[in-house]
Amino acid sequence: MKTRSKIIIIVASLLLILTFFFPIWYIDLEAPQYPEGIGLEIWLSKITGQNPNDLDNINGLNHYIGMKRIEPNAIPELTIMPFVIIFMIVFGLVSGILGKRSLVYIWIVLFVVMAAVGLYDFYLWGYDYGHDLDPNAAIKVPGMAYQPPLIGSKMLLNFNAISMPHIGSWILVLTVVLAAVALYLDKKNKTFEVSNA
């Protein structure tokens, strides 16, 4: 690969460091009783409320309908994800420094696999929380499940649950786009060199 493409790959790799400083997903809960809004932010290594007491308030609401408490320390993915991202940073840096197109293709495929596995795992997490309800809950609505949408919005009783990617996810997308741009520019440059040989 040419130097320009190598630099783009290295910059794209280093961009991933920012995912440690921004949430990757958010879930907003809109309801008349919470005009200021309430919600969760999902980070690589933690889940926090959008406001200081949101996580406690949501756990309190969940208690009434029989949902399990959201305990970030009990979610193994939050321990694994930082190491996955560190691996992707190192893989990207090695790919960029060596300038191997094949490694960059593998890097992009790994991102796609990581995204697919992550979304499927998130769906299973939401399904478990939304369906595995305490039969002794104070509020029981026959046939009602409280699984938040994977992406988009959904009414859950009088709450509009909105689940969307946050800044961390867009950083991941930008990284893949930059990797693809680096490959395109490198290929274009080689084609130009061959045609002018």
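Each residue takes its place number in the sequence, starting with 1.
In the hydrophobic clustering of this structure, V90 groups with W107; members are Ile, Leu, Val, Met, Phe, Trp, Tyr whose side-chain heavy atoms approach within less than 4.5 Å, directly or through other members. With hydrophobic clusters built from ILVMFWY side chains whose heavy atoms lie under 4.5 angstrom apart, Y146 shares a cluster with L124. Criterion: ILVMFWY side-chain heavy atoms under 4.5 Å apart, direct or through other members. Under it, F159 and I139 are part of a common hydrophobic cluster. Hydrophobic clustering, with ILVMFWY side chains joined whenever heavy atoms are under 4.5 angstrom apart, keeps L78 apart from F83. L61 and L40 fall within the same hydrophobic cluster, where Ile, Leu, Val, Met, Phe, Trp and Tyr residues are linked whenever their side-chain heavy atoms come under 4.5 Å apart, directly or through other members.
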List the steps and the verdict of side-chain contact (heavy atoms from CB on, under 4.5 Å) for L29 and Y34. CA-CA 8 Å; L29 297 172; Y34 290 99; over 6 Å; no
Please walk me through it: do Q50 and I38 pass side-chain contact (heavy atoms from CB on, under 4.5 Å)? CA-CA 7 Å; Q50 291 178 347; I38 186 171; over 6 Å; no
Going through the checks in order, is the side-chain contact (heavy atoms from CB on, under 4.5 Å) test met by W43 and T19? CA-CA 8 Å; W43 304 62; T19 60; over 6 Å; no
For F87 and F91: C-alpha separation, side-chain torsions, deciding distance, then whether ring pair (Phe, Tyr, Trp, His ring centres under 6.0 Å) applies. CA-CA 6 Å; F87 169 78; F91 196 108; 5.7 Å; yes
Start with the C-alpha distance between V173 and F111, add both sets of side-chain angles, then the distance that settles side-chain contact (heavy atoms from CB on, under 4.5 Å), and finish with yes or no. CA-CA 9 Å; V173 171; F111 271 111; over 6 Å; no
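The distance from the CG atom of N73 to the OG atom of S45 is 10.5 Å, given to the nearest 0.5 Å. Distance check, rounded to the nearest 0.5 Å: CD1 of I9 to CG of L98 gives 12.0 Å. Rounding to the nearest 0.5 angstrom, the gap separating the CD1 atom in I70 from the OH atom in Y129 is 6.0 Å. The CE atom of M1 sits 10.5 Å away from the OG1 atom of T3 when rounded to the nearest 0.5 Å. Taking CD1 of I80 as the reference point, atom CD1 of I85 lies at 12.5 Å (rounded to 0.5 Å). Interatomic distance, W125 CH2 to E77 CD, rounded to the nearest 0.5 Å: 9.5 Å.
The closest side-chain heavy-atom distance from I89 to I17 is below 4.5 Å. Counting heavy atoms from C-beta outward, L15 and L174 have side chains that approach closer than 4.5 Å. Counting only heavy atoms from C-beta outward, the side chains of E41 and I47 never approach each other to under 4.5 Å. Two residues are said to be in side-chain contact when any heavy atoms from C-beta on lie closer than 4.5 Å; M114 and L172 meet this criterion. Annotation: side chain of L93 is in contact with side chain of L14 (closest heavy-atom distance under 4.5 Å). For the pair Y105 and L110, the minimum side-chain heavy-atom distance is 4.5 Å or more. With a 4.5 Å cut-off on side-chain heavy atoms, I167 and F21 do not count as touching. Taking 4.5 Å as the limit, some side-chain heavy atom of I10 sits within range of a side-chain heavy atom of I97.
Closest approach of A182 and S5 over heavy atoms only: O-OG, 2.8 Å. Of all non-hydrogen atoms in L157 and M144, the two that sit nearest each other are N-CE, 3.6 Å. In terms of heavy-atom proximity, P149 sits nearest to A161 at CG-O, 3.6 Å. Smallest separation of non-hydrogen atoms from G99 and K6: CA-CE, 3.7 Å. Shortest non-hydrogen contact noted between D28 and Y26 is OD2-CE1, 3.3 Å.
Each salt bridge (charged side-chain N to carboxylate O under 4.0 Å, His left out) pair with one or both residues in residues 85-103, not counting sequence neighbours, appears once here: R101-D186. Among pairs with a residue in residues 159-174, those fulfilling side chain to side chain donor-acceptor pair (under 3.5 Å) read W25-S163, E30-N160, at least two apart in sequence or across chains.
For K46 (side chain) and P72 (main-chain N/O), no donor-acceptor pair under 3.5 Å exists by modelled atom type. With D54 contributing its side chain and G39 its backbone, the two residues share a donor-acceptor pair below 3.5 Å. Checking side-chain atoms of K154 against main-chain N and O of Q147 turns up a donor-acceptor pair under 3.5 Å. Of the possible donor and acceptor atoms, one in the side chain of T175 sits under 3.5 Å from a partner among the backbone N and O of I171.
Checked for salt-bridge contact, K68 and D128 meet the test: a charged N lies under 4.0 Å from a carboxylate O.
Partners of N59 by side chain to side chain donor-acceptor pair (under 3.5 Å), not counting sequence neighbours: none found. In terms of the side chain to side chain donor-acceptor pair (under 3.5 Å) criterion, residue partners of N158 (sequence neighbours excluded) are, by chain and number, Q33.
Between the side chains of E36 and N51, no donor N or O sits under 3.5 Å from an acceptor N or O.
Aromatic ring orientation, Y123 versus Y120: parallel (interplanar angle below 30°, classes split at 30° and 60°).
Through side-chain heavy atoms spaced under 4.5 Å, either directly or across other Ile, Leu, Val, Met, Phe, Trp or Tyr residues, V109 is tied to V113, V117. Listed by chain and number, the hydrophobic cluster partners of I7 are V11, where partners are ILVMFWY side chains within reach of under 4.5 Å, directly or through others.
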